[in-house]
2 protein chains.
Amino acid sequence: MSKASEQAYAKIRGFLLGGTVQPGSQLTEEQLAEVAGVSRTPVREAMRRLETEMLLVRSPSKRIFVADWSRDDIDEMFTLRQMLEGHAARRAAERLTPAEIDRLEEVNRELHEAVDGDTPDIVRFLDANRVFHEAITEAAHSPRLGQVLAMLVEQPVVLRTARQYSAEDLKQSARDHDELIAAFRAGDPGWAKAVMGGHLRRAFHTFVSADENGADGD
Amino acid sequence: MSKASEQAYAKIRGFLLGGTVQPGSQLTEEQLAEVAGVSRTPVREAMRRLETEMLLVRSPSKRIFVADWSRDDIDEMFTLRQMLEGHAARRAAERLTPAEIDRLEEVNRELHEAVDGDTPDIVRFLDANRVFHEAITEAAHSPRLGQVLAMLVEQPVVLRTARQYSAEDLKQSARDHDELIAAFRAGDPGWAKAVMGGHLRRAFHTFVSADENGADGD
DNA sequence: AGGCCTCCTATTGTATACAATTTGCCTGCG
DNA sequence: CGCAGGCAAATTGTATACAATAGGAGGCCT
């Protein structure tokens, strides 16, 4: 994606997830063009992408609205992630070279450092977490799988989940990754898939329990 | 998608899968605009979609080429379909109402009629088959799942597979659907998922064995 | 003669003007 | 008073002109 389109995508996404717009409210291409600081053409491309990610929805008459994510939507997202990233972990276990596993371990050391102290560094955690998961997806060597996951994994949801994690939750996350690495070293696809599944399902429950307590991040 | 964009999508797709263009060859937006009979703007939208379906690929410098589908690509597509449509079948088994199952049965009667005679009607088969699978995906009530499958299920591949089916293969396909319906009536998600998995995996093997025999349709 | 630099061309990216469609209102008629 | 019809405004869709960028060819210097 090219400069202006990418910028439009990033800005509009930030705009949508910043919490200042109400789900269900209508948006126009022109408004979004102003938000992004570019013309309608690249905005339309960004909108297409945001539509496939279901952050925007279209009325039958092609008008655009801010999507309203229900608990079922979140559940659906995590369920599909569990299935697809579980599959990715399985394939990765069959394909990862020792050197690549070393690299994963290094990333996870970084993640450990971010959360093992007294005051966890969420930003560092998120970054290492993203790199870790992306590396596994990459190692699955399945381009369609990668593409589908890229569209499914809404980092803002991951962020919101991570902010609800207790210090202990964060450490458990790091330990899940440790176990994943152990499964990779053992070359055990079933183990890898199972650990990944549990890891993501727990994330889902952390997310919804925080949500049910009337949370909003801060 | 709007008139010109939709038309561009359909025409370009037909152009790509018509076999007259060579995988790996470069295409320009202007060429495709001419093929589609519209301007570059809607063509660009269609191209985006064809990129996500991986019928087109982009070079690092944003130039566009006809994708070259390897056996592994086909395998990957069927594997993901098996996983996701299996999931859809499971969810459908938990949700389908008796009336909806009746409707499925009706569609499959049409499919039976298309293949049970001496000279199978492939077009009728394909149409009923598509409706049948789409109805199941719809019944899963999972919008993201539906979207991902829409992007994964390349009807032209389905067509090519169907043309390689023997009369007996076609009848077996119809019988698979019968069994799926039985699983739905029984409300047995595991059964539904298993049948769907086998159904699609067999389709994959029909496809590749035909492919390996140096086939191309006609 | 070979390699590098530059200019030209081909191609994609963006903006804007214009066309088509839809919505909501307002008026007029029953 | 309510409903239908149509008009006007808002919004999305398409075409085209222009800008930016990448690739390739040709000439120049060593």
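Because the structure is predicted, anything quoted here is derived from the model rather than measured. When reading the values below, keep in mind they use all heavy atoms of this one structure, side chains included, and skip hydrogens, waters and symmetry mates.
- A:F132 pairs by the ring pair (Phe, Tyr, Trp, His ring centres under 6.0 Å) definition with A:H177, not counting sequence neighbours.
- Defining each end axis of the helix from C:dA1-D:dT30 to C:dG30-D:dC1 as the rotation carrying four pairs' C1' atoms onto the next four, with five pairs an end, the two axes are found to diverge by 0° to 10 degrees.
- Applying the salt bridge (charged side-chain N to carboxylate O under 4.0 Å, His left out) test to pairs two or more places apart or on separate chains, those with a residue in residues 121-133 of chain A are A:E110-A:R124, A:E113-A:R124, A:D127-A:R130, A:R130-A:E134.
- By the side-chain hydrogen bond (donor to acceptor under 3.5 Å, both in side chains) test, A:R144 is found to be paired with B:D73, B:E76, residues two or more places apart in sequence or in another chain being considered.
- Applying the side-chain hydrogen bond (donor to acceptor under 3.5 Å, both in side chains) rule to B:E51 yields the partners B:R58; only residues at least two apart in sequence or on another chain are considered.
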Practice prompt. Using a 4.0 Å heavy-atom cut-off, write out nucleotides 5-17 of chain D from 5' to 3' as B (base contacted by protein), S (sugar-phosphate only) or - (no contact).
Written response: ------SBBBBB-

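- For B:H87, the ring pair (Phe, Tyr, Trp, His ring centres under 6.0 Å) test picks out no residue, with sequence neighbours left out.
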Write down the protein N/O and nucleotide N/O pairs, taken from nucleotides 5-8 of chain C, whose separation is under 3.5 Å; answer none if there are no such pairs.
none

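- Annotation for A:Q26: atom CD counts as buried by contact number, over 12 foreign heavy atoms lying within 6.0 Å.
- Side-chain N or O atoms of B:W69 include none that pairs as donor or acceptor with a backbone N or O of B:P23 at under 3.5 Å.
- Shown for residues 49-57 of chain B: no residue has heavy atoms falling under 4.0 angstrom of DNA chain C.
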Pairs under 3.5 angstrom only: tabulate donor-acceptor contacts from the side chains of residues 6-18 of chain A to other protein residues two or more places apart or in another chain.
residue, atom, partner, partner atom, Å
A:Q7, NE2, A:A36, O, 3.2
A:Y9, OH, A:R13, NH1, 2.3
A:Y9, OH, A:E53, OE1, 2.9
A:Y9, OH, A:E53, OE2, 2.8
A:R13, NH1, A:E53, OE1, 3.0
A:R13, NH2, A:E154, OE1, 3.0

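- B:E100 approaches B:L96 most closely through the heavy-atom pair OE1-CA, 3.4 Å.
- Taking B:H112 as the reference, nothing meets the ring pair (Phe, Tyr, Trp, His ring centres under 6.0 Å) condition, with sequence neighbours excluded.
- Following rounding to the nearest Å, B:Q7 (CD) and C:dA20 (P) show an atom-to-atom distance of 15 Å.
- In terms of the ring pair (Phe, Tyr, Trp, His ring centres under 6.0 Å) criterion, B:Y165 has no residue partners (sequence neighbours excluded).
- Counted within 6.0 Å of CD on A:E94, heavy atoms from surrounding residues, nucleotides or ligands total more than 12; the atom is thus considered enclosed.
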